[in-house]
Amino acid sequence: MASIPVETEFSHWRISNAHSPDHDFPVLAEVDVVVVGAGPAGVAAATVAAESGLSVLIVEGYGFAGGSAVAGLSATICGLYLASETEREPEQVVHGFTERFRAALAARGGVTPPQRYGLTYTVAHDPLVWREVADALLFNAGVRVMFHTQLTGVIMDADKYTGIIVHSKAGMSAIHARRVIDASGDAAAVARGGGKYFFGDEGRIQNPTMFFRLGGIDTDAFWAQWGADTISPPAITEAIVSRREKGADLPREKIWVFRSTRPGELLVNATRLSDSDGRMLNVIDPEDFTIAEMLGRKQVRAYAEFFASGVDGCRNAYVVDTGVEAGIRQTRSIVGVETLSNDHVLECRKSEHGIVRSPWPIELHSGNRPKLHWLLDDYYEIPYNTLVPAVGENIIVAGRCLSAEHEALASARVTAQCFELGHAAAVATILSLESDRGYRDIAGSQVRAIMAANGSSL
Ligand SMILES: Cc1cc2nc3c(=O)[nH]c(=O)nc-3n(C[C@H](O)[C@H](O)[C@H](O)COP(=O)(O)OP(=O)(O)OC[C@H]3O[C@@H](n4cnc5c(N)ncnc54)[C@H](O)[C@@H]3O)c2cc1C
């Protein structure tokens with residue numbers, strides 16, 4: 001594991017940078033809080049902050065909320081249940097905003113019951129219902145929402161973030177804010193403000209994956225062959241290897257298939273996207289991102305063909321859709337006041353400053369096959385200070401760009417945890433504004449206590 005921090009940027013891409021407070025862009029809004037990115041973390045952060053009475057604006061590059069869970073079609077809410085080697089019913093250990101969102105999906109028929117995933121369980125969500133639930137939460141909380149709006153820079157007064165610069169069809173504009181919550185997954189605001197960050201293990205990050213939905217399935221026949229576990233059984237894995245040896249483009253043999261909320265449909269996590277020489281693709285580089293998209297679509301066809309030509313129940317299978325984008329597991333991680341270490345995860349450490357539990361295994365997508373390291377009958381807690389950048393004032397991150405070592409992030413990045421990380425960032429922001437304190441002066445234990453009162457299991 002690389003020592004932290006390792007700051008890396010692509011030499012041929014220069015990041016657009018900070019502007020001074022007397023910039024000359026038209027000012028779109030002056031708010032208490034601007035949230036960048038409407039993935040699970042951003043939706044949670046914006047909703048909770050606005051419900052406390054703060055004026056909140058969220059900007060999102062896509063025309064819908066959901067981030068990797070929807071645009072990347074990541075399909076399930078992982079990280080809810082304990083893992084165990086003994087046969088046991090699903091035991092949910094993460095609640096709070098996560099459970100609120102899951103229950104809202106369930107009320108609209110947009111989430112499945114728990115499905116077996118190795119030694120634990122997960123639930124699959126419908127990507128359209130996900131967007132609708134997020135729309136309703138943001139609207140009802142009074143959040144001002146700007147879809148199709150991209151952060152391009154930040155406004156800085158010395159080391160204080162005082163707003164952001166955005167680009168939309170209207171052109172460039174400024175949003176002034178007393179606090180910035182960076183829920184972009186990519187630490188987009190932190191990076192543009194000159195904050196410190198790193199990429200995975202000395203620049204080596206996890207593979208992107210192009211997720212897809214497969215329709216036309218006789219699901220009874222399919223599950224009778226596949227079995228109860230969503231992870232591929234040995235016979236399927238062997239069949240993939242054998243096809244690959246005959247020239248099929250099936251680089252990954254351990255693949256995952258989830259039940260969907262829709263009849264006759266499967267959600268398939270199968271592809272592995274790396275460059276032709278095996279090099280890891282880092283989607284912060286637009287050329288790598290493009291390779292991931294094109295390769296992803298090709299590989300989806302190869303896996304769909306594999307299903308149609310030999311897997312029970314799949315004779316009439318067709319690709320319903322791929323993700324809007326190749327799914328991104330990892331890009332920049334901030335250098336935080338504290339970093340979630342691999343040992344913290346492996347030893348299931350807890351602390352009075354922990355703001356979300358995680359029972360999810362280290363699920364590492366790098367190299368030839370995904371690796372799973374299970375946390376058995378236990379969970380760890382992510383410390384608050386992993387969300388607080390080591391440098392810069394009035395900014396906090398939420399979601400997968402938290403400060404975490406490579407393997408630790410491979411556990412902490414999943415959706416149940418990202419919702420709660422957004423919840424935590426909102427609570428810290430409320431405290432910070434109420435008491436006029438910087439994020440570094442807020443005790444994680446205080447955030448934890450408020451989250452517990454909000455229904456988080458802490
Ligand atoms: C292939 C794949 C499979 C996965 N499978 C699962 C799974 O089965 N279960 C599970 O729980 N998790 C899974 N995950 C992980 C999970 O989906 C993500 O880690 C989680 O969605 C991250 O949430 P987030 O809110 O931190 O960031 P994201 O979901 O990445 O959201 C960030 C948002 O910010 C927006 N944004 C970024 N930059 C800007 C900008 N400059 N301006 C405006 N908007 C911006 C993006 O468009 C995006 O909507 C998977 C991920 C991938 C990639």
Side-chain angles (χ1 to χ4, degrees), residues 15-16 34-46 58-80 94 98 102 115 117 122-125 127 130-131 134 146-154 164-168 175 181-192 205-212 230 256-258 267-273 283-284 292 296 322-333 358 360 363 365 370 387 397-402 409-422 425:
I15 205 156
S16 73
V34 67
V35 179
V36 182
V43 169
I58 188 166
V59 298
E60 165 56 48
Y62 284 118
F64 51 85
S68 298
V70 172
L73 208 59
S74 83
T76 80
I77 305 176
C78 294
L80 289 168
V94 178
T98 304
R102 194 211 60 79
Q115 309 180 32
Y117 173 84
T122 187
V123 294
H125 59 79
W130 207 110
R131 298 174 210 203
M146 289 188 195
F147 288 145
H148 301 296
T149 303
Q150 191 88 19
L151 168 138
T152 60
V154 291
I164 62 171
I165 304 295
V166 294
H167 181 260
S168 68
I175 295 165
I181 300 181
D182 185 343
S184 65
D186 299 330
V190 170
R192 282 161 179 82
I205 59 167
Q206 296 188 70
N207 302 316
T209 288
M210 183 64 94
F211 231 99
F212 63 102
T230 52
W256 305 332
V257 172
F258 303 100
L267 298 157
V268 188
N269 179 338
T271 65
R272 192 183 70 231
L273 309 177
V283 299
I284 287 293
T322 68
V324 174
E325 66 175 19
I328 305 159
R329 294 191 171 84
Q330 185 177 17
T331 50
R332 298 185 192 96
S333 301
S358 179
W360 194 246
E363 179 204 327
H365 293 254
L387 302 182
V397 306
R400 71 172 167 84
C401 52
L402 82 160
L409 182 67
S411 164
R413 68 183 170 80
V414 290
T415 306
Q417 281 60 45
C418 285
F419 278 131
E420 284 295 271
L421 293 173

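When a ligand or atom number is given, it counts from 1 through the structure's own listing order. The structure displayed is predicted, hence computed values, not measured ones.
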Which pairs of N or O atoms, one from ligand 1 and one from the protein, are separated by less than 3.5 Å, and what is the distance for each pair?
from	atom 1	to	atom 2	distance (Å)
ligand 1	8 (O)	S74	O	3.0
ligand 1	8 (O)	T76	OG1	2.8
ligand 1	9 (N)	T76	O	2.8
ligand 1	9 (N)	T76	OG1	2.9
ligand 1	11 (O)	T76	O	3.1
ligand 1	11 (O)	C78	N	2.8
ligand 1	11 (O)	T415	N	2.9
ligand 1	11 (O)	T415	OG1	2.8
ligand 1	12 (N)	T415	OG1	3.2
ligand 1	17 (O)	S74	OG	3.1
ligand 1	19 (O)	R413	O	2.6
ligand 1	25 (O)	P40	N	3.3
ligand 1	25 (O)	A41	N	3.0
ligand 1	26 (O)	R400	N	2.8
ligand 1	29 (O)	S68	N	2.8
ligand 1	30 (O)	S68	OG	3.3
ligand 1	30 (O)	R400	NE	3.3
ligand 1	41 (N)	Q150	NE2	3.4
ligand 1	41 (N)	L151	O	3.2
ligand 1	42 (N)	L151	N	2.9
ligand 1	44 (N)	G61	N	3.2
ligand 1	47 (O)	E60	OE2	2.7
ligand 1	49 (O)	E60	OE1	2.7
ligand 1	49 (O)	E60	OE2	3.0

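Classified by interplanar angle (parallel below 30°, tilted 30° to 60°, perpendicular above 60°), the ring pair Y117/W256 is perpendicular.
Exactly one residue among R332, R329, R400 makes a salt bridge (Lys or Arg N to Asp or Glu O under 4.0 Å) with D186. That residue is R400.
A donor-acceptor pair is defined here as one N or O able to donate and one able to accept, closer than 3.5 Å; no such pair exists between the side chain of S411 and the backbone of L409.
Applying the side chain to side chain donor-acceptor pair (under 3.5 Å) criterion to N269, with sequence neighbours excluded, gives R252. Contacts of T271 classified as side chain to side chain donor-acceptor pair (under 3.5 Å), with partners at least two apart in sequence or in another chain: none.
Judged as a side-chain hydrogen bond (donor to acceptor under 3.5 Å, both in side chains), the pairs with a partner in residues 58-80 (not counting sequence neighbours) are, in order, Y62-E325, T76-T122.
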